[in-house]
Structure formats: structure tokens, C-alpha cells
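Residue indices begin at 1 and follow the sequence shown. Just so you know, these numbers come straight off a predicted model, no measurement behind them.
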Amino acid sequence: MREVCRSRQTFFGPNYEFMNIPEDYNSVVYEKIYYMKTYMHWSFEEVYMMPIPLRDWFFNRWLEDNSKNQE
């Protein structure tokens, strides 16, 4: 007998309403990757494969330092 996956999936990825993930989550992640790649000189693979809390910490730390430098 074939097993059925119980998670709700759509053709374009997870059902965001079911998982309580904001619809703009992917664009936010890609914006962070872009800034970390462009201004922090990380590679795409490094940032993409990094654990989410660590990636958020580095990004927030960069924002904090960048805002201090602008003042």
C-alpha cells in the first residue's frame, strides 16, 4: 500500500496559511541573502546553507554596525 504525505503542499511549495509562514517569507530571505552576498562578501551557498538563527544574527549585527557607521 502506498503511503500518503499528510503535509499540505501546493505546486509552488508549502501552504503558507497552514504552516503560519508569512507569504513574503521567501522574498525576505532572498533580500537578506542579497545583502549578505553583496555587502558582507559571503557566497550564496554559505548564506543559504547557514542555520536560520545564525544567519539572522549576522544580518542583524551587520545592520546594527552599518547604522552606527552612518551616524
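- Using a 4.5 Å cut-off between side-chain heavy atoms of Ile, Leu, Val, Met, Phe, Trp and Tyr, with links allowed through other members, Ile52 and Met50 fall into the same hydrophobic cluster.
- Under the salt bridge (charged side-chain N to carboxylate O under 4.0 Å, His left out) criterion, Glu45 pairs with no residue, sequence neighbours left out.
- In this structure Glu31 satisfies the side chain to side chain donor-acceptor pair (under 3.5 Å) test with no other residue, sequence neighbours excluded.
- No more than 12 heavy-atom neighbours from other residues, nucleotides or ligands sit within 6.0 angstrom of OH on Tyr35.
- Listed by chain and number, the residues in a side chain to side chain contact (heavy atoms under 4.5 Å, CB included) with Pro51 are Pro53, Leu54 (sequence neighbours excluded).
- Tyr34 is not connected to Val28 by any chain of hydrophobic side-chain contacts under 4.5 Å among Ile, Leu, Val, Met, Phe, Trp and Tyr, and they are in different clusters.
- Residues that satisfy the side chain to side chain contact (heavy atoms under 4.5 Å, CB included) test with Trp57, not counting sequence neighbours, are Arg61.
- With sequence neighbours excluded, the residues satisfying side chain to side chain donor-acceptor pair (under 3.5 Å) with Asp56 are Lys32.
- Counting heavy atoms of neighbouring residues, nucleotides and ligands inside a 6.0 Å radius, atom CZ of Phe44 exceeds 12 of them.
- For Ser67, the side chain to side chain donor-acceptor pair (under 3.5 Å) criterion is met by no residue, not counting sequence neighbours.
- What you find for Met36 and Phe59 is that their closest heavy atoms are CG-CD1, 4.0 Å.
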